[in-house]
There are 2 protein chains.
Amino acid sequence: MSGEPIRVLLADDQAMIRGGLAALLDLETDISVVCQLDSGAGLAEAVAEHGIDVAILDIEMPEVDGLAAAAALRETRPDCAVLIVTTFGRAGYLRRALEAGVRGFVVKDTPAEELAEAVRRVHAGASAFDPDLLAESLSAGQNPLTERERQVLRCALDGSPVRQIAKALFLSPGTVRNHLSAAIGKVQASTRAEAAVIARDRGWL
Amino acid sequence: MSGEPIRVLLADDQAMIRGGLAALLDLETDISVVCQLDSGAGLAEAVAEHGIDVAILDIEMPEVDGLAAAAALRETRPDCAVLIVTTFGRAGYLRRALEAGVRGFVVKDTPAEELAEAVRRVHAGASAFDPDLLAESLSAGQNPLTERERQVLRCALDGSPVRQIAKALFLSPGTVRNHLSAAIGKVQASTRAEAAVIARDRGWL
DNA sequence: ATCGGCCCATGACAGTTGTCACGGGGTCCG
DNA sequence: CGGACCCCGTGACAACTGTCATGGGCCGAT
């Protein structure tokens, strides 16, 4: 908390939110927002260029989402701490974040004052995870879906009939129905649509 | 822009966003955020108590959503300007907002600086509507769905089978299927799930 | 009072969906 | 090598879904 301020990068696709969070952080004397992005694309370059200490990333972003960007950043810049700030407190997101080496995970429901505190914590090498979500994530278990099942469910999200899904994935209709059936069973749903929303809400995509 | 600052109320269910927007607005010398809510409930009372000039409302909120709150406020406090600030730029939302007598509608994608400007505009009696969205709203046409059809589609959003929807709405399964069929035809979908997402994305709920 | 709209319901039909059993193909691991 | 797991596919069956025709009741507008 002495000497140079913490150099922060802020990535969120909603400009107004980005501006708000930046205003919030700039109130703190020991934190300085030196770079803003509207996507995860180009994160590593920006981190290198601006000498970023902490990268604050939203998850839902176009092109490259926050979790993918975090994973990529870990490869090239493991010394830069990552703090995920997201709307959706989904257990699967937290799990993926942990696997990506993220040091903090905060949902946008939490009080504004805690944001700066989380930044300080991850910068100091500590962690900053939403406790409720952490518990939920640990109890929720692994993502049981296979790659194909996830693809099929993603296509089913918008209500497409089997034939369209099959065409989109270059599969036989029968195969698609088999994958759907397997997925439905794994998430304990009774309909493809139900299975799709359940999987989405759990962050299993 | 002289004398007393504009007295603003801020309603958003995400505490961190609320704090960010408040920080943003407090940077302006002629604007003062004097009250914050996490829901549309109790809006009229808060407006009366704090002598609010401009109420900034999010749409997606628990209990009472921003559009319903705006409509209710119009009844009791027509002198208080309402500015909607939302994530989702759906044409149906803007239409409902206009019907509720809202004076401004801004999506969170727009640059942060424009928020304060929008507040000043609606306070001055002018309007502040996202131009792209306004055009889309005018060209999109009215919501063609009946009340029942909307209810049924809302239930269908999570993928429930007909029997569950019927039970939830105290209807015969056959009736539910009729309503679904009508709705599917109106939104030009081919599946209930598809119809549900289309209707949702248009703000027809 | 007649028309139109919305609501509710029933029955019947073709098409789709969910499930199962079964086959084949790969890979990775003990 | 056999086994486990994933992938792809087929065929068949019961259940569900989307559509249509048809009927009734309740409004509000013409």
Side-chain angles (χ1 to χ4, degrees), chain A residues 92 95-96 99 140-205, chain B residues 92 95-96 99 140-205:
Chain A
R95 175 173 296 275
R96 281 171 59 196
E99 287 165 358
Q142 283 278 8
N143 181 345
L145 300 173
T146 72
E147 172 60 20
R148 265 305 190 211
E149 287 158 2
R150 270 177 312 209
Q151 285 180 23
V152 174
L153 279 189
R154 255 175 306 207
C155 291
L157 257 185
D158 59 1
S160 312
V162 168
R163 213 163 337 100
Q164 265 179 51
I165 303 177
K167 215 177 306 179
L169 266 45
F170 303 102
L171 290 177
S172 149
T175 305
V176 170
R177 293 207 279 140
N178 285 338
H179 285 307
L180 281 173
S181 184
I184 290 170
K186 283 180 181 175
V187 301
Q188 311 222 56
S190 58
T191 307
R192 91 185 55 185
E194 192 186 353
V197 308
I198 291 176
R200 167 162 55 74
D201 290 351
R202 292 226 241 264
W204 291 343
L205 232 168
Chain B
R95 177 173 295 274
R96 282 171 59 195
E99 288 165 358
Q142 283 278 7
N143 180 346
L145 300 173
T146 73
E147 173 58 23
R148 265 303 190 215
E149 286 157 3
R150 268 174 309 192
Q151 285 180 24
V152 174
L153 278 188
R154 256 175 306 210
C155 291
L157 257 185
D158 60 1
S160 312
V162 168
R163 215 168 330 105
Q164 265 179 52
I165 302 178
K167 216 176 307 180
L169 265 45
F170 303 102
L171 290 177
S172 148
T175 305
V176 171
R177 292 206 280 145
N178 285 339
H179 285 307
L180 281 173
S181 184
I184 289 169
K186 284 179 181 176
V187 301
Q188 311 219 58
S190 57
T191 308
R192 93 189 48 190
E194 192 186 354
V197 308
I198 290 175
R200 167 163 54 73
D201 290 351
R202 297 222 182 129
W204 291 344
L205 235 170

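Chain A is the first sequence line, chain B the second, and so forth, proteins listed ahead of strands; every chain is numbered from 1. Computed from heavy atoms alone, side chains included, the values below leave out hydrogens, waters and symmetry copies.
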B:Leu157 CG to B:Ile165 CD1 distance, which is reported to the nearest 0.5 Å: 9.5 Å
B:Ile198 side chain near B:Arg202 side chain, heavy-atom distance below 4.5 Å: yes
Angle by which the axis turns from one end of the helix from C:dA1-D:dT30 to C:dG30-D:dC1 to the other, five pairs per end, to 10 degrees: 30°
Verdict with reasoning, B:Asn143 to B:Arg96, per side chain to side chain contact (heavy atoms under 4.5 Å, CB included): CA-CA 10 Å; B:Asn143 180 346; B:Arg96 282 171 59 195; over 6 Å; no
Cut-off 3.5 Å, no hydrogens considered: what does the side-chain donor-acceptor table look like for residues 170-188 of chain A, sequence neighbours left out?
residue  : atom : partner  : partner atom : Å
A:Ser172 : OG   : A:Gly174 : N            : 3.2
A:Lys186 : NZ   : A:Pro144 : O            : 3.1
A:Lys186 : NZ   : A:Glu149 : OE1          : 3.0
A:Lys186 : NZ   : A:Glu149 : OE2          : 3.2

Pairwise salt bridge (charged side-chain N to carboxylate O under 4.0 Å, His left out) hits with a residue in residues 162-173 of chain A, at least two apart: none
Qualifying residues under side-chain hydrogen bond (donor to acceptor under 3.5 Å, both in side chains), relative to A:Arg200, sequence neighbours excluded: none
Boundaries of the DNA chain D segment in contact with chain B, non-hydrogen, under 4.0 Å: D:dC16 to D:dC20
Minimum-distance pair of heavy atoms, taken over all atoms of A:Trp204 and A:Gln142: CZ2-O, 3.8 Å
Partner residues of A:Gln151 under the side-chain hydrogen bond (donor to acceptor under 3.5 Å, both in side chains) criterion, sequence neighbours left out: A:Glu147, A:Arg148
Range on DNA chain C touched by chain B, heavy atoms, distance below 4.0 Å: C:dC6 to C:dA12
Contact list for residues 152-162 of chain A, test side-chain hydrogen bond (donor to acceptor under 3.5 Å, both in side chains), sequence neighbours left out: A:Asp158-A:Ser160
Interface with DNA chain D, restricted to residues 174-192 of chain A and to heavy atoms under 4.0 Å: A:Gly174, A:Thr175, A:Arg177, A:Asn178, A:His179
Heavy-atom closest contact (A:Ala193 atom, B:Ala193 atom, distance): CB-CB, 4.3 Å
Within residues 155-162 of chain B: residues closer than 4.0 Å to DNA chain D (heavy atoms): B:Pro161, B:Val162
Minimal non-hydrogen separation, B:Ala199 against B:Leu153, with atom names: CB-CD1, 3.8 Å
